[in-house]
Amino acid sequence: MGDKWFLFLGENKISAGKNHIPAKLMTIFQEHDKYMDEEWASQVDAINARDVNLIDPVDETGAPPEAYEGMPGWEEYLEAVEGDMSRAFGYSATVETVAKRLSLMGFTPHRSKQEMSSRLRELREFDGDDAIYVREPGATEHVRHTIDCEEVVEIGLHALITSSKSTEVKEPLTGLEAACLDALELFREHDEDPRTLLAALLDGQATDTIVRLDLHDLLSAGYFTRHDAVSEVALQELAVEMASSGPIIVMTEGTTDARFLKRGLQIVAPDLAGYFTFLDPDAKAAGGAPELVKSLRAFAAAGIMNRVIALVDNDAAGRQAVKTLSSAPLPGRFKVCLLPDLDYVKDYPTLGPTGDTRYDINGRACSVEFYFGLDCLLTASGDPFPVRWTGFNNAINDYQGELVPRDKKTVQERIDQMLTSAEASGSPLDDRWDAMRKIAQTIIAAAGS
C-alpha cells in the first residue's frame, strides 16, 4: 500500500502521494505551522526507535497483532489508527497565508493558470487538435467540444474541488467537467511542481480555509521524528531550485538597517518573514549605496541562484544606485528597490547654507531611521530632528541630506526600544508601523515579481 501523505483544502482531499516526503509542498509551510497529537506522536517515535514495524496491525510476514502486544505505546497506537487522525501529525496554514507564500516563490494564481493553459496549448499543437472530447453519463460516443485552454483550466479546477468533496455532499460531474479534470491530470504527475496547481486552485477560495498537509503515515513509517524540522529539511533538499524555493536574500546599506528591517518584518509580516534572509553587512568592507551596488554585481557575477533584493535608502545616493544598476541590467532574480515615499516627510525641517527651510525629503534624505513613525523623530520640544544637507549629487541633479550623527543615534535608540516593546508585548500594532508595513509590501512585491 505504501506510506501516504494527503493534502487537504478544508475537509476536501485535493492531493495525495506515497513513499516520499512531498518536499515542494513542504515549502509552503514553516515549523510554527506544525501540529501534532503529542501523546500519539511520542509513542510512534518510541516504537520506531525500537525498529518495530507497527504501520499495519498485520505486517508483511503475517505476524498477528498479538505479536506486538506489550510494546510501549501499542494500545495508544491501536486506538489512533482506528480513530480520527486529522490532528495526529502534519502542517497547516490558512489559504491567505499559503497564497502569500506561494506568491513569494513566484507561484501567483495568474502566472500558474497562464502556465497551465500554455502547457495544454502545446499539447494541442502536438496532437493537431484544438478541441476536447466529452462523453456525457449514459452516452456511448464522445462529443467534440471546441473550447479554449483557459476555460479548460477554470472548469477543471472547479471540477477538482467538486470531486474532492466527501461522498455525502459530492455532486456528480458533467461530462465536460470530467473531461477538463482529466486534462489537468498532467499537473498532478510526480515530476510536475505541485505548487503550480495549488496556486491556481486556491484562487477565489475563502481566505480563512485551512490548507493541511497530513504526514502522520510518514511519521509512523519512520521517515522523520516528531521533533525533526521537516519543512527546513525539505528546503535543503530543494537547494538546486533556490530561485523559487530558497530564502530570498535582502541586502541593505548597513548593519543597523539590516537589524532593524529584519526585526520589523518579523513584527509586521510574521507569516512571511521566515522566507527572507537579511545579509549580514558586517561581512562587507564598507556600507552605503555604492558598496551595495558593488556587492549586488558581485553576487550576480558569482551566479548566486537565490532571489536577491537590494533595499536602498530613499535619498539621492539611493536614487543614483538605482540609476547606475539600470544602465547594466542584472539577472531577473535580482531586484533593486528604494525605500517607499512617506507622507510625513513631505514638509520636513532641513538645515543648509540658506538657513532653516522645510522641504519634501522623499528621494533626498530618507534613511531607515525615518520608517518607524514620526514619534521616533521628535525632539523634546515636539519638532522633528532636522535633516542637514551634505552635498549636491550631480548624477541625479539633486541634494543629499541626512540626520546629524547625534540625532541619528537618538532615533536609533528609540527604534530599538520600539522594536523590543513590540516583540515582547505581541499587542496590536498602531499607525506608527505603517511605514514599516510599506517596506514589507515593497519587499514582498519585489520577491513575487
**Study point:** Polar contact flag, side-chain donor to acceptor under 3.5 angstrom, R195-T27
**Key:** yes

Point to revise | Nearest-0.5 Å distance, CD1 of residue I443 to OH of residue Y275 | key: 16.0 Å

**Study point:** Donor-acceptor contact below 3.5 Å, side chain Q400 vs main chain W389
**Key:** no

Check your understanding: Looking at A206 and V95, what are the two nearest heavy atoms and their distance?
Key -> O-CB, 3.4 Å

Exercise for review: First locate atom CG of L186, then atom CG of L197, and finally report the distance between them rounded to the nearest 0.5 Å.
Suggested key: 10.0 Å

Check your understanding: Will you find, in the side chains of D360 and Y348, an N or O donor that is under 3.5 Å from an N or O acceptor?
Key -> no

Review point. Does Y223 reach the side chain of V230, with side-chain heavy atoms less than 4.5 Å apart?
Key: no

Check your understanding: Is there a donor-acceptor pair under 3.5 Å between the side chain of N393 and the backbone N or O of A395?
Key -> yes

Review point. Is a side-chain N or O of D315 found less than 3.5 angstrom from the main chain of I361, in a donor-acceptor match?
Key: no

Check your understanding: Does a side-chain heavy-atom distance below 4.5 Å link L9 with I210?
Key -> no

Practice item. Look at K409 together with D407 and state whether they make a salt bridge at an N to O cut-off of under 4.0 Å. Key: no

Revision key, fill the gap. G10 and T209 have their tightest heavy-atom pair at N-CG2, 3.6 Å

Point to revise | Note, L296 side chain near M251 side chain (heavy atom, < 4.5 Å) | key: yes

Study note, to complete from the structure: When rounded to the nearest 0.5 Å, the distance separating CZ of R188 from OG1 of T196 is 14.0 Å

Practice item. Rounded to the nearest 0.5 Å, what's the gap from OG1 on T97 to CG on D271? Could you check? Key: 4.0 Å

Check your understanding: Does OH in Y359 sit with more than 12 non-hydrogen atoms of other residues, nucleotides or ligands closer than 6.0 Å?
Key -> no

Check your understanding: Can you name the nearest heavy-atom pair linking H32 to P270, along with the distance?
Key -> CE1-O, 4.3 Å

Review point. Does the ring centre of F224 sit less than 6.0 Å away from the ring centre of F89?
Key: yes

Practice item. Please answer whether the main-chain N or O of D416 pairs with a side-chain N or O of R259 as donor and acceptor at a distance below 3.5 Å. Key: no

**Study point:** Any donor-acceptor pair under 3.5 Å from D313 side chain to C366 backbone
**Key:** no

Practice item. Determine whether I444 and F276 make a side-chain contact, defined as any pair of heavy atoms from C-beta on separated by less than 4.5 Å. Key: yes

Point to revise | Those residues that, when tested against K408, pass side chain to side chain contact (heavy atoms under 4.5 Å, CB included) (two or more places apart) | key: E369, L403, Q412

Practice item. Test R358 against D347 for salt bridge (charged side-chain N to carboxylate O under 4.0 Å, His left out), laying out the working first. Key: CA-CA 6 Å; R358 301 184 76 91; D347 185 34; 3.4 Å; yes

Point to revise | Side-chain donor-acceptor pair present, S231, E31, cut-off under 3.5 Å | key: yes

Review point. Would you say the side-chain atoms of T350 pair up with the backbone N or O of T357, donor to acceptor, closer than 3.5 Å?
Key: yes

Review point. Salt bridge (Lys or Arg N to Asp or Glu O under 4.0 Å): which pairs involve residues 316-329, sequence neighbours left out?
Key: R319-D398

Exercise for review: List the atom of A440, the atom of L265, and the distance in Å for their closest heavy-atom pair.
Suggested key: CB-CD1, 3.6 Å

**Study point:** ring-ring contact (aromatic ring centres under 6.0 Å, His included) involving Y371 - partner list, sequence neighbours excluded
**Key:** none

Review point. Just wondering, are more than 12 heavy atoms of other shown residues or ligands nearer than 6.0 Å to NZ in K262?
Key: no

Review point. Are a donor atom and an acceptor atom from the side chains of Y91 and Q30 found within less than 3.5 Å of each other?
Key: no

Practice item. With sequence neighbours left out, write down each residue that passes salt bridge (Lys or Arg N to Asp or Glu O under 4.0 Å) with R414, or none if nothing qualifies. Key: none

Review point. Within a reach of under 6.0 Å around CD of E423, are more than 12 heavy atoms found that belong to other residues, nucleotides or ligands?
Key: yes

**Study point:** A365 to F370 - nearest heavy-atom pair and separation
**Key:** O-CE1, 3.4 Å

Review point. Can we call the ring centroids of H216 and W5 under 6.0 Å apart?
Key: no

Review point. Between D45 (side chain) and R226 (backbone), is there a donor-acceptor pair under 3.5 Å?
Key: yes

**Study point:** Trace of the side chain to side chain contact (heavy atoms under 4.5 Å, CB included) decision for C149 with E122
**Key:** CA-CA 10 Å; C149 293; E122 290 174 1; over 6 Å; no

Check your understanding: Any side-chain heavy atom of L330 sitting closer than 4.5 Å to one from L325?
Key -> yes

**Study point:** Test: K113 and D203 ion pair at under 4.0 Å
**Key:** yes

Check your understanding: Where the side chain of R119 meets the backbone of Q114, is there a donor-acceptor pair that is under 3.5 Å apart?
Key -> no

**Study point:** Residues which pass ring-ring contact (aromatic ring centres under 6.0 Å, His included) with Y399, listed by chain and number, not counting sequence neighbours
**Key:** F392

Revision key, fill the gap. The reported gap from CZ in F29 to CD in E232 (rounded to nearest 0.5 angstrom) is 15.0 Å

Study note, to complete from the structure: Taken in chain and number order and not counting sequence neighbours, the residues that satisfy salt bridge (Lys or Arg N to Asp or Glu O under 4.0 Å) with R388 are none

Exercise for review: Check the pair E125 / R121 against salt bridge (charged side-chain N to carboxylate O under 4.0 Å, His left out), numbers first and verdict last.
Suggested key: CA-CA 6 Å; E125 292 174 357; R121 198 171 292 112; over 6 Å; no

Check your understanding: Between the main-chain N or O of R406 and the side-chain N or O of T410, is there a donor-acceptor pair closer than 3.5 Å?
Key -> yes

Practice item. Measure from the side-chain N and O atoms of S103 to the backbone N and O of A99, and report whether any donor-acceptor pair falls under 3.5 Å. Key: no

Revision key, fill the gap. What one should report as the nearest heavy-atom pair of K34 and D228 is NZ-O, 2.8 Å

Exercise for review: Check step by step if salt bridge (charged side-chain N to carboxylate O under 4.0 Å, His left out) holds for R437 and D431.
Suggested key: CA-CA 10 Å; R437 291 188 181 99; D431 57 7; over 6 Å; no

Check your understanding: So, E115 and R111, do they make that salt bridge, N to O below 4.0 Å?
Key -> no

